[in-house]
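Working notes for the structure below.
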Number of protein chains: 2
Amino acid sequence: MRDVARAAGVSIGTVSKALNNAGSLKQETRERVTEAARSLGFRPNDLAQALHRGQSFTVGLISNDSFGRFTMPILEGLESVLYEERIAVFMCNATDDPERERQHIEQLMGKRVDGLVFTARRADKRPNLGVDLAGLPTVFVFSQSDDPHSFCLLPDDEGGAYLGAAHLITNGRRRIAHVTGPERFEAVQLRRDGCRKALADAGVPIRSNWFLSGEWSESWGRQAVDILFDDPDDVPDGILAGNDQIARGILDALRDRGIDVPGAVGVVGFDNWGVMAEAARPTLTSIDMNLNALGQEAGRRILAMIGGKRFSGVERLPCTLVVRESCGAKSKTTA
Amino acid sequence: MRDVARAAGVSIGTVSKALNNAGSLKQETRERVTEAARSLGFRPNDLAQALHRGQSFTVGLISNDSFGRFTMPILEGLESVLYEERIAVFMCNATDDPERERQHIEQLMGKRVDGLVFTARRADKRPNLGVDLAGLPTVFVFSQSDDPHSFCLLPDDEGGAYLGAAHLITNGRRRIAHVTGPERFEAVQLRRDGCRKALADAGVPIRSNWFLSGEWSESWGRQAVDILFDDPDDVPDGILAGNDQIARGILDALRDRGIDVPGAVGVVGFDNWGVMAEAARPTLTSIDMNLNALGQEAGRRILAMIGGKRFSGVERLPCTLVVRESCGAKSKTTA
DNA sequence: GTGAAAGCGCTAACAA
DNA sequence: TTGTTAGCGCTTTCAC
């Protein structure tokens with residue numbers, strides 16, 4: 001900066017004003033300074049600026065998902081929104097270790113981040129680590145905190161499952177099963193509730209023995225088919241899966257049994273995981289949690305919080321139905 | 001810091017020394033300061049420190065993979081290594097847009113990152129954007145630069161494919177096919193070379209019409225089986241797939257045809273993509289590119305470069321064979 | 001063994 | 001309209 005001032009023949013304060021489009025300066029001076037800066041390849045030092053202004057233009061993202069499949073779209077959405085405001089994102093992997101998480105938070109606070117975003121493998125409660133965040137803007141995405149004062153952004157699992165079940169019903173299915181993941185996940189419970197509700201609202205009978213809970217795997221999906229289709233006289237004609245892997249397993253097992261999809265049975269997945277859904281035979285209709293949008297919203301909220309706003313409680317963003325072939329409906333996307 | 005100095009009844013310089021275990025201080029003073037800092041919840045400001053020292057303890061990672069499946073393990077490895085040295089990682093998504101990439105670099109340089117890591121969807125050449133990195137430590141992981149002076153870290157695709165083909169041969173296969181992705185990928189060519197070499201080294205005949213190039217998809221894998229098994233009197237007994245999706249497609253198609261795997265045909269995949277390989281029937285033996293290790297190595301190199309070392313050229317890290325059921329061998333992992 | 005002070009690069013308030 | 005200057009919070013050299 002000193003060099004630029006010298007080259008442009010002005011004071012150092014003037015350079016600052018010129019480069020920040022601040023204060024009042026003669027147009028000619030402004031240009032002269034800008035030109036000098038450019039030709040010297042001058043790049044202002046954000047650290048110094050941050051030190052002075054007390055704002056670092058950085059945000060930390062702490063994940064315990066080891067940066068998995070769910071974290072990525074969230075990060076992507078978050079980054080894209082923050083980038084527009086010239087804020088950069090620190091990525092930290094806490095690998096489910098509370099101590100490591102604490103250290104990461106310490107490190108980020110040392111770096112004077114303007115905000116903190118927490119995310120996780122699954123949207124389950126996360127114990128409050130005794131770190132004093134000192135009023136630092138914080139949002140939990142796809143993740144929840146113990147602390148009722150904190151702000152959590154989640155997909156509307158219940159609504160998503162409702163959409164999926166309703167889609168099955170719309171396409172003429174009346175004997176609907178639900179094959180999902182481990183009971184301990186809140187998402188499992190919410191999705192089941194959504195499914196039940198859709199059936200109830202449509203006057204479709206609910207068969208409790210067709211609501212199966214297992215693992216988030218293809219192999220569980222296959223097993224579930226063995227259970228559901230054990231008695232050939234009493235089989236479902238529509239299945240809502242708890243995720244796309246389960247759905248894929250279901251599809252494969254039905255295929256093995258020579259059961260036509262979507263002819264005899266309609267299947268809907270959850271997650272809308274591209275590679276999985278597109279490669280399935282038939283291609284899989286699925287519920288999209290819109291994680292990218294969730295990440296974007298997290299970004300907007302953090303920005304608002306940095307601007308002084310406060311949020312708390314849990315907010316849920318809508319899921320979307322992505323129609324492919326496994327239900328026999330015309331292909332489209334609906335909310 | 002001023003507050004700590006006051007509380008401990010010492011000068012501000014003494015606080016700095018005490019907290020950094022630097023200089024020579026009476027043990028008692030050191031403790032008194034440390035205690036005061038703790039009780040005041042004092043956290044040193046890294047920005048000020050960085051400003052003074054000219055080192056920010058940050059590194060930028062620029063991806064054009066939209067943070068996809070390959071970026072994640074790399075990021076994970078990188079972050080874990082850098083974290084040990086108290087260096088935090090900025091994540092930037094360039095989404096294949098050179099202009100955006102340039103802006104990200106500008107932003108990161110403004111933040112005075114100590115190093116830059118580039119990564120990409122696939123290990124293909126990346127044009128040099130005309131940004132002057134001013135000698136900033138830079139490494140390309142799973143990605144290459146035009147500039148011969150730059151340093152690139154890649155998986156040994158050729159060696160990996162060699163491993164896979166050799167494994168087929170070891171397990172008694174002599175009629176080996178290779179089904180891979182689009183010709184334009186360097187990885188496709190390297191893997192094919194590796195496959196060829198393994199066959200040649202073992203004196204196994206190479207059937208050019210069994211070397212098939214298509215897409216990186218399950219559906220292409222299925223199609224390829226239709227081609228390879230068209231003439232029932234002349235079919236392969238071992239297939240090396242270019243990636244796990246293709247392998248999965250192959251497995252499904254063979255299953256549909258009632259061809260036993262690994263009995264009649266052995267299949268080896270590439271990528272060792274957990275969800276894909278584990279869910280396959282039979283589970284898929286695959287080549288692992290060890291991307292996490294690649295990320296770790298990138299971290300170590302960046303650290304060395306920050307320490308003054310220079311590297312250039314292309315280095316390739318070995319792939320690993322992960323044995324599951326699709327080849328009929330006992331389960332194990334070998335380099 | 002400890003304190004004082006200069007300075008990292010920048011901004012903002014105040015003078016000129 | 002422009003220059004001067006006092007810090008932002010820290011490290012480090014040099015006195016004491």
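Proteins get letters first, then strands, A, B, ... in listed order; numbering begins at 1 in each.
Residues Phe140(B) and Phe151(B) keep their aromatic ring centres 6.0 Å or farther apart.
The minimum heavy-atom distance linking Leu40(A) with Ala7(A) is given by the pair CD1-CB, 4.0 Å. Taking every heavy atom of both residues into account, Leu19(A) and Ala37(A) meet most closely at CD1-CB, 4.2 Å.
We find that CG of Leu25(B) is positioned 14 Å from P of dT12(D), with the value rounded to whole Å. Rounded to whole Å, atom P of dT1(D) lies 14 Å from atom CD of Glu31(A). Atom CZ of Arg112(B) and atom P of dC8(C) are 14 Å apart (whole Å). The distance between atom CG of Leu47(A) and atom P of dC8(C), rounded to the nearest whole Å, is 15 Å. Rounded to an integer number of Å, the gap from CG of Leu40(B) to P of dG9(D) is 14 Å. Going from atom CZ of Arg53(B) over to atom P of dC8(D) covers 21 Å, rounded to whole Å. Between the CG atom of Asp3(B) and the C1' atom of dC10(D) there is a distance of 14 Å, given to the nearest Å. Between Phe57(A) atom CZ and dC10(C) atom P the separation is 15 Å, expressed in whole Å.
In this structure, of dT2(D), dG9(D), dC10(C), it is dC10(C) that holds the atom nearest to the side chain of Met1(A). Distance from the side chain of Ser16(B) is smallest to dT11(D) among dT11(D), dC8(D), dC10(C). When distances are taken from the side chain of Asn20(B) to each of dC10(D), dT11(D), dC8(D), the shortest belongs to dT11(D). The side chain of Leu51(A) sits closest to dG9(C) out of dG9(C), dT2(D), dC10(D).
Using modelled atom types, one finds a donor on one side chain and an acceptor on the other under 3.5 Å when comparing Tyr83(A) with Gln103(B). Checking Asn292(B) against Gln296(B) by side-chain atom types alone, a donor-acceptor pair falls below 3.5 Å. His104(B) and Glu99(B) share no donor-acceptor pair across their side chains, judged by distance under 3.5 Å alone.
Phosphate proximity of dT1(D) to Thr29(A): absent, as no side-chain N or O sits under 4.0 Å from OP1 or OP2.
Between Lys26(A) and Ala48(B), it is Lys26(A) whose nearest contact on DNA chain D lies nearer the 5' terminus. Map Gln27(A) and Asn45(B) each onto its nearest nucleotide of DNA chain D; the residue landing nearer the 5' end is Gln27(A).
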Step-by-step side-chain hydrogen bond (donor to acceptor under 3.5 Å, both in side chains) determination, Asn290(A) to Thr320(A): CA-CA 7 Å; Asn290(A) 296 315; Thr320(A) 304; 2.7 Å; yes
Under 3.5 Å between N/O atoms: give me all the protein pairs with nucleotides 3-7 of chain D, atom names plus distance.
{"unit_1": "dG3(D)", "atom_1": "OP2", "unit_2": "Ser11(A)", "atom_2": "N", "d": "2.7"}
{"unit_1": "dG3(D)", "atom_1": "OP2", "unit_2": "Ser11(A)", "atom_2": "OG", "d": "3.3"}
{"unit_1": "dG3(D)", "atom_1": "OP2", "unit_2": "Thr14(A)", "atom_2": "OG1", "d": "2.7"}
{"unit_1": "dG3(D)", "atom_1": "O6", "unit_2": "Lys17(A)", "atom_2": "NZ", "d": "3.1"}
{"unit_1": "dG7(D)", "atom_1": "N2", "unit_2": "His52(A)", "atom_2": "ND1", "d": "2.7"}

